[in-house]
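Scroll down for the structure; my scribbles are underneath it.
Counting starts at 1 for both ligands and their atoms, in listed order. The figures here come from the full heavy-atom set of this structure, side chains too, leaving out hydrogens, waters and symmetry mates.
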Amino acid sequence: MFTTIDSVSAKTFIFPGVTPLLRIKEPELMIELEQVKVYSRTDFSDSDGKMVSRLSEFIKESKKNLQRKSIFIDLGCGPGNITERLAAHWPESTVVGIDGSLEMLKLAKERQVLVKKISSLKGLSYIKQDISTLSVGQFSLPNLADVVVSNSFIHHVHDFNDFLKALKAISKEGTLFFHRDLRRPLTFDIALELQQKYLPKAHPIMIRDFLSSLKAAYTAEEVVDYLEKSNWKSYKVIEVGDRYLDIIGIN
Ligand SMILES: C[S@@+](CC[C@H](N)C(=O)[O-])C[C@H]1O[C@@H](n2cnc3c(N)ncnc32)[C@H](O)[C@@H]1O
């Protein structure tokens, strides 16, 4: 069904006198102990739930016949908040979370033990790998994915092409992909407004990281440009609400 290249739903208009926010990278891996603790304690359940519902709709819309025992890969899974939701939603599937941060994965595994008390999550596992090892073929998975997802991950990756190479390396023909991330606002003032709106009373480290993430995020135009240049054929890039970007499609 995804045979055409969709342009973005809204273009960034440049207004006279407005200096657009340029992309400022942040460290790829989240390994500071305090940062990891604060992140994993923040309640993302509302946005996480919406992300998985949208993924579920997308899978239905794609008309792909997912086998009961499909393989889901969650790139940049962090503390496993999305990964465990995938395992609960598709309980017969194999769900693998990949992250390069040992600190994040320690928390993901601790949560797995806690969550297992209320739900079996039998197909869930985690792998510690930097996605660059997938991009360059240093590491490969025993089985290719039926569905690749990521949430709030892509803005960490310094070069979007590395993300695309990793995605290709773990995909086969017909693999569905669904990536949701922040998108970079036009100005830093808008970034501050978003922080006030969504994280008004968060821990100072979370506020710092949220602002850094907004500055590090890609715009929809940049994503479309990368995808076009790498001859990606079947995808959509969609601006969602005032802060997200969905990149969805089929390999
Ligand atoms: C903001 S967290 C998102 C965590 C989770 N996906 C969520 O929805 O909350 C980004 C995660 O991506 C990981 N990450 C960033 N760059 C990476 C890379 N090159 N390889 C593997 N993991 C990476 C970080 O360590 C961090 O755990």
Next item on the list: Using atom types as modelled and distance alone, determine if a side-chain donor or acceptor of Ser101 lies under 3.5 Å from a backbone N or O of Met30.
Entry: yes

Next item on the list: Examine the proximity of ligand 1 to Met104 and report which part, side chain or backbone, both or neither, has a heavy atom under 4.0 Å away.
Entry: side chain

Check: Based purely on interatomic distance, does Asn81 place a nitrogen or oxygen under 3.5 Å from a nitrogen or oxygen of ligand 1?
Finding: yes

Notebook entry, point to check: Looking at Val148, Leu144, Ile73, which hits side chain to side chain contact (heavy atoms under 4.5 Å, CB included) with Ser171?
Noted result: Val148

Next item on the list: Give the contacting part of Cys77 toward ligand 1: side chain, backbone, both or neither, where contact means a heavy-atom distance below 4.0 Å.
Entry: backbone

Notebook entry, point to check: What atoms of ligand 1 come closer than 4.0 angstrom to any heavy atom of Gly78?
Noted result: 4 (C), 27 (O)

Margin query: Given Ser150, Gly100, Ala166, identify the one with the heavy atom nearest to atom 22 (N) of ligand 1.
Written below: Gly100

Check: Can you say whether the rings of Phe58 and Phe178 are parallel (under 30°), tilted (30 to 60°) or perpendicular (over 60°)?
Finding: tilted

Check: Counting each atom of ligand 1 from 1 as listed, which ones have a heavy atom of Ile82 under 4.0 Å away?
Finding: 8 (O)

Margin query: Please report whether ligand 1 has a polar contact with Pro79, defined as an N or O pair separated by less than 3.5 Å (distance criterion only).
Written below: no

Item checked: Under 4.0 Å to a heavy atom of Ser101 - the qualifying atoms of ligand 1, by number -> 25 (O)

Next item on the list: Please report which non-hydrogen protein atom sits nearest to atom 9 (O) of ligand 1, along with the residue it belongs to and the distance in Å to one decimal place.
Entry: Tyr39 OH, 2.5 Å

Item checked: Sidechain N-carboxylate O distance under 4.0 Å for Glu222, Arg23 -> no

Next item on the list: Salt-bridge test for Arg54 and Glu61: reply yes if a basic N is under 4.0 Å from a carboxylate O, no otherwise.
Entry: yes

Notebook entry, point to check: Could you state the interatomic distance from CG (Asp162) to CD1 (Ile131), rounded to the nearest 0.5 Å?
Noted result: 6.5 Å

Extract all donor-acceptor atom pairs below 3.5 Å that involve side chains of residues 200-211 and protein atoms in other chains or at least two apart in sequence.
from, atom 1, to, atom 2, distance (Å)
His203, ND1, Ile205, N, 3.0
Asp209, OD2, Gln35, NE2, 3.1

Notebook entry, point to check: NZ/Lys109 to CG/Leu124 distance, rounded to the nearest 0.5 angstrom?
Noted result: 10.0 Å

Next item on the list: Examine ligand 1 and decide if any of its atoms is less than 4.0 Å from a heavy atom belonging to His155.
Entry: no

Item checked: Nearest non-hydrogen protein atom, atom 20 (N) of ligand 1 -> Ile131 N, 2.9 Å

Item checked: Closest approach of any protein heavy atom to atom 2 (S) of ligand 1, naming residue and atom -> Met30 SD, 3.6 Å

Check: Among protein heavy atoms, which lies nearest atom 17 (C) of ligand 1, and at what distance?
Finding: Leu29 CD2, 3.4 Å

Check: Considering only heavy atoms, which of Asn151, Thr133, Ile154, Asp99 lies nearest to atom 27 (O) of ligand 1?
Finding: Asp99

Notebook entry, point to check: Which bit of Glu28 gets closer than 4.0 Å to ligand 1, counting heavy atoms only: side chain, backbone, both or neither?
Noted result: both

Item checked: Pairwise ring-ring contact (aromatic ring centres under 6.0 Å, His included) hits with a residue in residues 92-111, at least two apart -> none

Margin query: Going by the closest heavy atom to atom 4 (C) of ligand 1, which one wins out of Ser132, Gly76, Ser152?
Written below: Gly76

Check: Between Asp74, Asp48, Thr42, Asp43, which is the residue that forms a side chain to side chain contact (heavy atoms under 4.5 Å, CB included) with Asn81?
Finding: Asp48

Check: Does Phe153 have a heavy atom less than 4.0 Å from any atom of ligand 1?
Finding: yes

Next item on the list: Looking only at non-hydrogen atoms, find the nearest pair between Gly80 and Ala108 and report the distance.
Entry: N-CB, 3.9 Å

